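Naming convention: chains lettered A, B, ... in sequence-line order (proteins, then strands); numbering from 1 in each chain. Everything numeric in this text was worked out from a predicted model, so none of it was measured.
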Amino acid sequence: MAAIGAGAERQLSFGEMIRDAAAVALVALGLALPLVGFQTVDRGAGMILETRFGAMFYAVGVIFVGRFVLGLIDAGRGRPILAASGAFSAAWVLNAIFDVAPPIEHVTLGWLTWLVAMTIALRAWFVLRRGARPAGRDGTRAGALPAVWLERVGRLVVPAALTFAVVMPFLPFADQRLVDLGILVLTYTMLGWGLNVVVGLAGLLDLGYVAFYAVGAYSYALISINLGLNFWETLPFAGAVAAFFGVALGFPVLRLRGDYLAIVTLGFGEMIRLILLNWDDLSNGAKGIGDIPRPSFFGLQFTAAPREGVAAFHEYFDLDFSPIHRVIYLYYIILILALLTNWFTLRIRKLPIGRAWEALREDEIACRALGINPTTTKLTAFAIGATFGGFAGSFFATRQGFISPESFNFIESAIILAIVVLGGMGSQLGVVVASVVLIGGPEWFRDLGTFRMVAFGALMVAVMIWRPQGLLAHRDPTVRLPAAPGRPP
Amino acid sequence: MLVVEGVHTFYGHIEALKGVDLEVKPGEIVTLIGANGAGKSTLLMTVCGTPQAQSGRIVFDGQDITRLPTHQIMRSGIAQAPEGRRIFPRMTLLENLQMGALAADPAHFSEDLERVFAFFPILKERQTQRGGTLSGGEQQMLTIARSLMSRPRLLLLDEPSLGLAPMIVRQIFKIIREINERTGTTILLVEQNAYHALRLAHRGYVMVTGAITLTGSGAELLANREVRAAYLEGGH
Ligand SMILES: Nc1ncnc2c1ncn2[C@@H]1O[C@H](COP(=O)(O)OP(=O)(O)OP(=O)(O)O)[C@@H](O)[C@H]1O
Ligand SMILES: [Mg+2]
């Protein structure tokens with residue numbers, strides 16, 4: 001009997017389940033009314049408000065049914081529901097593959113339905129398999145692979161991955177698209193590592209990390225355009241400006257924790273974006289900043305026709321001009337920046353300040369009792385995390401040659417945070433795995449066409465079900481046993 | 001060494017300490033007993049500066065520390081093993097001890113480590129184990145050991161025997177005495193286990209709802225009729 005394992009929690013009665021689902025649907029309705037119910041449409045002459053109540057009620061209905069069915073699963077009716085929802089999602093996919101007229105015209109609603117069905121099927125299967133274990137899990141042990149196993153694999157995987165990252169652009173199958181993807185993955189790896197300092201080590205939930213990415217990008221663009229400095233000269237300035245913003249955010253939120261901190265940082269991220277959008281004199285508003293200097297290889301330009309008197313990279317090395325040269329160069333820049341971030345984080349974890357971050361995440365009161373100053377500890381975490389975000393932003397600006405507030409939406413913060421959480425908070429290797437999966441994944445799924453994001457979503461749901469602590473939740477101790485007694489570690 | 005004079009501490013508008021006077025002389029073990037909610041932990045926390053005393057004075061080694069921020073107080077020679085263990089569960093035992101040494105000169109680290117392991121040999125065997133997986137008694141020992149790592153001159157211990165088996169309790173008290181005798185560390189001990197704690201102490205204080213009501217040598221308090229009735233009857 002699957003229901004037995006549900007443990008101390010009282011089983012809901014049928015009526016209570018309906019009521020519960022109705023309550024959830026009501027919340028959904030509240031959210032969906034402004035988000036889905038109304039839509040502004042640009043009709044040449046101006047904006048018109050259109051209503052989409054059909055879609056809204058459909059979405060709310062799906063949520064009602066979904067919640068109710070989840071309740072049924074917990075009540076031990078998993079088997080028939082697994083069959084039904086599994087069949088439903090399968091039918092949906094077959095439907096798409098053979099291109100029969102979709103039962104629902106609206107593409108997004110179609111996805112929503114499929115995703116809900118898929119989630120229900122997964123949940124039902126999971127509950128049946130695990131004997132209805134409730135979701136709460138023990139923080140210290142769960143999800144962590146055996147440490148010895150991880151260590152052994154880590155010793156092989158890390159050098160292998162590093163070697164691969166270094167030689168990748170020269171492998172026979174590496175075309176421009178792949179190297180570009182590599183750049184993207186590395187950028188997010190770096191952002192993930194930077195945010196990991198704040199979220200993973202110091203335990204400060206930051207939902208506005210994209211702000212520092214934006215600050216770095218804009219500082220880079222403005223400094224390099226106006227002062228004519230090159231990439232490596234501008235980088236420290238951009239990092240410093242981002243660090244300043246990190247501290248500026250840190251101060252007001254010093255006393256906040258958890259949810260409250262998350263909300264304020266979220267607001268901060270949006271604020272920066274809105275300022276960039278509206279401060280035309282500084283940031284050129286929505287039009288963005290173009291013609292940002294591209295990086296040169298020790299003064300050698302990556303252009304087919306360089307200016308008078310300036311050597312181009314391909315001429316100097318006697319190669320045929322190819323746009324991939326620049327891409328490969330950019331790839332190595334971000335590889336170096338990312339590795340620098342990682343190296344720095346690994347080092348600082350072993351220093352008093354790094355250990356204070358981790359201790360602060362675990363118990364702030366104990367930290368105070370040990371003479372740690374929570375104020376400076378938190379501020380340095382924000383500042384250092386922001387600096388790395390700023391570096392990554394500078395890279396982004398020089399790579400794109402054009403930036404606008406568009407690129408720094410909340411979704412970016414969400415993706416970076418997802419990388420950190422999915423990777424297993426605080427795990428450096430986890431960040432790499434997660435950004436390969438999260439950033440590279442959607443590219444590989446491209447063949448699935450419109451189902452790409454669905455497959456991607458399902459993958460994330462699956463990870464969260466099987467590894468709720470993140471892919472690699474193992475925390476590496478910063479000290480090993482001293483080799484001989486009495487030796488300092 | 002530590003002088004507390006007329007200290008009032010508030011949580012919001014609740015007055016948890018209503019004018020406490022207490023003194024700890026160098027080299028002493030002083031025990032503070034009192035019922036649940038009397039304000040014992042609050043007094044130790046007030047000495048450490050969170051929460052800060054609303055009025056009154058706290059003087060440590062001749063220096064007024066009443067208004068200092070906590071992290072500075074904790075770096076001036078006072079260490080606390082807070083109530084309820086509060087070790088870092090995801091860190092290894094050794095890392096926990098390192099955290100205790102953050103405020104100290106790193107040059108002493110290995111020496112202090114040996115000294116602490118001499119008091120708590122069991123901890124030496126478990127250095128690589130994560131704090132959260134230690135037993136309750138081991139965690140309690142780790143809390144004390146961690147607070148010793150900063151070489152405090154004054155050690156504040158808040159209910160070190162909480163939730164431990166009688167055997168381990170006796171062991172912990174023995175170690176506290178050893179720490180006091182061997183290293184000369186002054187100790188202010190808060191305890192529910194009044195019998196053991198008073199036998200150990202040079203002097204003791206009794207606290208009732210935020211104020212000190214009785215004081216005397218450990219033996220005097222043990223013999224006192226009120227103390228016996230309120231804190232010792234039924235046990236031992
Ligand atoms: N953070 C707080 N906010 C509000 N009131 C508090 C707070 N901490 C303690 N109190 C109150 O202050 C009073 C003294 O608490 P304290 O923890 O000092 O007692 P105690 O003597 O250590 O008790 P015990 O032996 O149970 O540990 C209690 O009434 C308690 O409810
Ligand atoms: Mg207490």
**Q** Would you check if the side chain of A:Glu358 reaches a backbone N or O of B:Met91 as a donor-acceptor pair within less than 3.5 Å?
**A** no
**Q** Provide the closest heavy-atom pair for A:Ala359 versus B:Met99 in the form atom of the first, atom of the second, distance.
**A** CB-CE, 3.2 Å
**Q** Most heavy-atom pairs under 4.5 angstrom with chain A, which of B:Leu102, B:Ile78, B:Ile73?
**A** B:Leu102
**Q** Among B:Arg85, B:Gln80, B:Arg146, which residue forms the greatest number of heavy-atom pairs with chain A at distances under 4.5 Å?
**A** B:Arg146
**Q** Considering residues, nucleotides and ligands other than A:Phe245, do more than 12 of their heavy atoms fall under 6.0 Å from its CZ?
**A** no
**Q** Heavy-atom distances under 4.5 Å only: say whether B:Ser150 touches chain A with side chain, backbone, both or neither.
**A** neither
**Q** Hey, could you give me the CG/CD1 distance between A:Asp363 and B:Ile87, rounded to the nearest 0.5 Å?
**A** 9.5 Å
**Q** Tabulate, in ascending numerical order, the residues of residues 171-189 of chain B having at least one heavy atom closer than 4.5 Å to a heavy atom of chain A, or enter 'none'.
**A** none
**Q** Below 4.5 Å, heavy atoms only, C-beta onward: do B:Pro89 and A:Glu362 meet side chain to side chain?
**A** yes
**Q** Report the distance from atom CD of B:Gln98 to atom NZ of A:Lys350, rounding to the nearest 0.5 Å.
**A** 10.5 Å
**Q** Pull out the residues in residues 193-202 of chain A that come under 4.5 Å of chain B, heavy atom to heavy atom, sorted by number.
**A** none
**Q** Please find the pair of heavy atoms, one from B:Gly100 and one from A:Leu370, that lie closest to each other, and give the distance.
**A** CA-CD2, 4.0 Å
**Q** Can you tell me how far SG of A:Cys367 sits from CE of B:Met74, rounded to the nearest 0.5 angstrom?
**A** 12.0 Å
**Q** If you look at every heavy atom in A:Gly371 and B:His71, which pair is closest and at what distance?
**A** O-CB, 3.6 Å
**Q** Please determine whether the number of non-hydrogen atoms from other residues, nucleotides or ligands lying under 6.0 Å from atom CZ of B:Phe117 exceeds 12.
**A** yes
**Q** Chain A: which of B:Gln72, B:Arg75, B:Met45 shares the most heavy-atom pairs with it under 4.5 Å?
**A** B:Arg75
